[in-house]
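These notes concern the structure reproduced below.
These numbers were taken from a predicted model, which means no experiment stands behind them.
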Amino acid sequence: MHELSVAQELVELVELQLADSGPIKVNSVLLRIGPLSGVVPQAMRFAYDAATAGTRLAGSSLQIEEVAPVIFCQPCNQERALPSIQRMRCPVCDAPAADVVRGRELEVVSVEVIDDDR
């Protein structure tokens, strides 16, 4: 489960960005994850709690926006949504999917913070 190391990198990234922000605490983090990123959302949720313990992210919620895989099909000259990443072929003409448009994402979309002085 490499999601723990990914979650630890996420915590370090957020902590670094908030280093000069004063007494604030993270309320939630929104991640965008594609199925071709190699990160399993359910495992990431589990790893997040362990990675945030003892940090200003402790107790925050992790929200995950899952991105559907999309390819650009050269023969069709159109983007096509893949029903599954198990079969990387155009669902219309069956051409191999050489150009992935979406599905590799592993991005921090937003971080919601609250003033910890209150």
Side-chain angles (χ1 to χ4, degrees):
M1 179 170 106
H2 73 101
E3 281 80 1
L4 182 56
S5 62
V6 173
Q8 290 169 332
E9 291 282 330
L10 169 65
V11 169
E12 289 176 23
L13 174 71
V14 172
E15 291 272 24
L16 183 65
Q17 291 298 314
L18 299 177
D20 298 328
S21 301
I24 59 173
K25 186 173 181 174
V26 175
N27 190 42
S28 65
V29 174
L30 174 60
L31 282 184
R32 183 175 294 139
I33 298 176
L36 298 170
S37 70
V39 173
V40 177
Q42 185 176 6
M44 187 65 183
R45 286 185 182 95
F46 179 77
Y48 183 80
D49 288 338
T52 59
T55 71
R56 68 167 79 191
L57 284 80
S60 65
S61 67
L62 176 65
Q63 300 165 356
I64 296 177
E65 177 184 308
E66 296 186 45
V67 178
V70 174
I71 61 159
F72 182 80
C73 178
Q74 297 284 336
C76 296
N77 197 29
Q78 290 191 3
E79 291 185 2
R80 304 278 189 199
L82 291 179
S84 166
I85 60 169
Q86 307 304 319
R87 191 168 193 285
M88 296 293 290
R89 302 185 75 84
C90 176
V92 175
C93 73
D94 204 35
D99 190 8
V100 176
V101 177
R102 285 188 295 276
R104 294 185 175 134
E105 295 84 352
L106 179 56
E107 306 169 333
V108 177
V109 177
S110 65
V111 176
E112 181 183 319
V113 296
I114 53 178
D115 188 345
D116 205 25
D117 266 349
R118 289 191 272 164

Exercise for the section: Walk me through it: do D94 and R87 pass the test side-chain contact (heavy atoms from CB on, under 4.5 Å)? Expected result: CA-CA 10 Å; D94 204 35; R87 191 168 193 285; 2.7 Å; yes
Practice task
Flag yes if L10 and V111 sit in one hydrophobic cluster, no otherwise; membership is Ile, Leu, Val, Met, Phe, Trp, Tyr, and two members link when side-chain heavy atoms are under 4.5 Å apart.
Solution key: yes
Practice task
Would you name the heavy atoms of R102 and V100 that are closest together and state the gap between them?
Solution key: O-CG1, 3.4 Å
Exercise for the section: Check whether any side-chain N or O of E3 sits under 3.5 Å from a backbone N or O of V40 as a donor-acceptor pair, and report yes or no. Expected result: yes
Practice task
Decide whether M44 and L106 are clustered together by the hydrophobic rule: side chain heavy atoms of Ile, Leu, Val, Met, Phe, Trp, Tyr closer than 4.5 Å, transitively.
Solution key: yes
Handout entry: R89 side chain reached by P96 side chain, heavy atoms, under 4.5 Å
Key = yes
Practice task
May I ask you to test the H2-V39 pair for a side-chain heavy-atom distance under 4.5 Å?
Solution key: yes
Problem - Sub-4.5 Å side-chain heavy-atom contact between N27 and S61 - result: no
Practice task
Establish whether L30 and I33 are linked, either directly or via other cluster members, by ILVMFWY side-chain heavy-atom contacts under 4.5 Å.
Solution key: no
Handout entry: From CZ (R45) to CD (Q63), nearest 0.5 Å
Key = 9.5 Å
Exercise for the section: Report whether V11 and V108 are members of the same hydrophobic cluster (ILVMFWY, side-chain heavy atoms less than 4.5 Å apart, transitive linking). Expected result: yes
Exercise for the section: Consider only side-chain N and O atoms of Y48 and S60, and report whether a donor and an acceptor are under 3.5 Å apart. Expected result: yes
Handout entry: pair I64-Q42: side-chain heavy atoms closer than 4.5 Å
Key = no
Donor-acceptor contacts under 3.5 Å from residues 65-80 side chains, at least two apart:
unit_1: E65; atom_1: OE2; unit_2: R32; atom_2: NE; d: 2.9
unit_1: Q78; atom_1: OE1; unit_2: R80; atom_2: NH1; d: 3.3

Practice task
Side-chain contact test, heavy atoms from C-beta onward, threshold under 4.5 Å: evaluate it for E9 versus L13 and give yes or no.
Solution key: no
Fill in the blank from the handout: Smallest heavy-atom separation, E105 atom then G103 atom, equals OE1-N, 2.7 Å
Practice task
Please answer: with hydrophobic residues joined when any side-chain heavy atoms are less than 4.5 Å apart, are L62 and V109 in the same cluster?
Solution key: no
Exercise for the section: Return yes if some donor-acceptor pair links the side-chain N/O of Q17 with the main-chain N/O of E15 below 3.5 Å, else return no. Expected result: no
Practice task
Using a 4.5 Å cut-off on heavy atoms from C-beta on, say whether the side chain of I24 contacts that of R56.
Solution key: yes
